[in-house]
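Every number for a ligand or one of its atoms is a count from 1 in the order of the listing.
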Amino acid sequence: MNNFSIAIHGGAGTLVKGMMTAELEAAYTLGLKLALEAGYSVLENGGTSINAVEKAVTILEDSHLFNAGKGAVFTADETHEMDAAIMDGKTLNAGAVSLITGIKNPISLAKDVMEKSEHVFLAGEGAMQFAKMNDYTIEDTSYFYDELRHKQWLEIKDTDSFQLDHSTKKDSKFGTVGAVACDTKGNIAAATSTGGMTNKKFGRVGDSPMIGAGNYANNKTCAISCTGSGEFFIRGVVAYDVACLMEHKDLSLEVAANEVIHKRILEIGGDGGLIAVDKNGNIAMPFNTEGMYRAFKTSNGKEEISIYK
Ligand code: ASP
């Protein structure tokens, strides 16, 4: 049996240390723990990495603390437009959705695109049509409402700014969510889900649903889920870049992931982080921001839940 492991993140845009209360820190830690345990128990029971990452991400989506599903940030039109992607490292099958509204668990819709359609990426109205065809309930906007997110939006609405996923801002309570896992058979998978950026407009799509940018999995190399300034992560093709460094330069997971987050993405002006796993269950979780909500658990007894460096 292969070593198995799972890593999750709740975004690299953490509250700056001074703004974090003990109560909030406990809530984030609990949110991460619930998702981690749920994903890990899928693996422990012999389940696949793809089911484990879906499970962990749905739990993060169901928590209002993280910017995905419930608690997603507001767009310029005071709506929620969500993006998600999932990829299976064994088959290289992938599914992604973008600009969807009213879907409680975007990651499950992405998985259905992978499993029940001939396509990889569905967006906007078409993705919504596909959801309805597959009997998804369309939730009312009130389901996604979070008071703090609304306050963040009120502060910048009617301006041209949209809030990047920086941890340097006082109030940057953002965060895409994601999970990567390696199962007992050594198959790996990645899942990422996000509300994107506060006050986004023009149908803006970030890196999260783009295969190779914010999410990627290939048994040959690694499974990756990213969080950070999406425009830069798209241009850096970050998730695939880590896989390429491993494949073509023969770098280890950790060295490749560090090279991308601490060097290559910084060189083009991006900030954020990623979680990564390889087929031996090794994990890396580099970030170049002040913090990243993150956790991992392995079958050889290692476990960690942390927020700051
Ligand atoms: N990368 C996400 C996006 O650009 C944001 C985030 O990670 O918080 O949509």
Side-chain angles (χ1 to χ4, degrees), residues 7-16 28 31-32 57 60-61 63-69 71-76 79-85 96-101 106-107 110 121 123 146 148-149 152-153 161-169 171-180 190-216 224-242 260-261 265 268-276 285-294 307:
I8 61 170
H9 72 79
T14 56
L15 286 171
V16 287
Y28 278 110
L32 289 168
V57 167
L60 294 167
E61 287 175 336
S63 163
H64 73 98
L65 292 170
F66 303 102
N67 173 20
V73 296
F74 285 86
T75 66
T79 59
H80 306 279
E81 283 176 354
M82 298 171 290
D83 303 334
V97 289
S98 183
L99 303 170
I100 57 165
T101 53
I107 200 65
F121 201 156
D146 176 69
L148 226 128
R149 299 269 185 248
Q152 290 167 339
W153 174 73
S161 64
F162 57 95
Q163 283 191 339
L164 288 161
D165 190 16
H166 287 181
S167 58
T168 44
K169 289 199 189 87
D171 58 351
S172 59
K173 180 174 167 279
F174 303 100
T176 291
V177 308
V180 294
T192 308
S193 179
T194 190
M197 289 177 174
T198 300
N199 211 36
K200 62 183 180 177
K201 45 181 135 172
F202 312 125
R204 182 264 182 191
V205 178
D207 60 312
S208 310
M210 291 185 196
I211 303 303
N215 197 79
Y216 185 70
I224 305 273
S225 171
C226 299
T227 168
S229 44
E231 278 66 13
F232 296 92
F233 277 64
I234 293 171
R235 285 147 59 187
V237 204
V238 166
Y240 189 61
D241 201 22
V242 177
V260 171
I261 290 301
I265 191 74
I268 61 169
D271 59 356
L274 59 82
I275 52 171
M285 305 196 289
F287 55 96
N288 60 33
T289 47
E290 185 173 327
M292 178 168 84
Y293 300 109
R294 64 197 187 281
I307 301 177

> Numbering the atoms of ligand 1 from 1, which are under 4.0 Å from a heavy atom of Asp207?
Replying inline: 1 (N), 2 (C), 3 (C), 4 (O)

>> Within the 3.5 Å criterion, strictly below it, is a donor on Thr192 or Ser225 matched to an acceptor on the partner's side chain?
In response: yes

> Of the backbone atoms (N, CA, C, O) and the side-chain heavy atoms from C-beta on, which set of Cys226 has a member under 4.0 Å from an atom of ligand 1: side chain, backbone, both, or neither?
Replying inline: neither

> Under 4.0 Å from any heavy atom of Ser208, which atoms of ligand 1 are there?
Replying inline: 1 (N), 2 (C)

>> Among residues at least two apart in sequence or on other chains, which ones pass side-chain hydrogen bond (donor to acceptor under 3.5 Å, both in side chains) with Asn288?
In response: none

> Which ligand 1 atoms, with their elements, are less than 4.0 angstrom from a heavy-atom of Met197?
Replying inline: 4 (O)

>> Is there a polar contact between ligand 1 and Ser229, counting only N or O atoms under 3.5 Å apart?
In response: no

> Should Arg204 be listed as contacting ligand 1, given a heavy-atom distance under 4.0 Å as the test?
Replying inline: yes

> In terms of the angle between their ring planes, are Tyr293 and Phe66 parallel, tilted or perpendicular, with boundaries placed at 30° and 60°?
Replying inline: perpendicular

>> Is the contact between Met82 and ligand 1 made by the side chain, the backbone, both, or neither, using heavy atoms and a 4.0 Å cut-off?
In response: neither

>> Distance under 4.0 Å to a non-hydrogen atom of Gly228: what atoms of ligand 1 satisfy this?
In response: 1 (N), 2 (C), 4 (O), 5 (C), 6 (C), 7 (O)

> Near Thr227, which atoms of ligand 1 are under 4.0 Å from a heavy atom of that residue?
Replying inline: 6 (C), 7 (O), 8 (O)

>> I need the single residue from Thr176, Asn67, Val177 that forms a side chain to side chain contact (heavy atoms under 4.5 Å, CB included) with Leu60. Which is it?
In response: Val177

> Are the charged groups of Arg204 and Glu81 less than 4.0 angstrom apart, N to O?
Replying inline: no

>> Applying side-chain hydrogen bond (donor to acceptor under 3.5 Å, both in side chains), can you list everything that pairs with Ser208, at least two apart in sequence or on another chain?
In response: none

> Under 3.5 Å, is there a donor-acceptor pair between the Asp271 and Thr289 side chains?
Replying inline: no

> Short list, please: which atoms of ligand 1 are under 4.0 Å from a heavy atom of Thr176?
Replying inline: 1 (N), 2 (C), 5 (C), 6 (C), 7 (O), 8 (O)

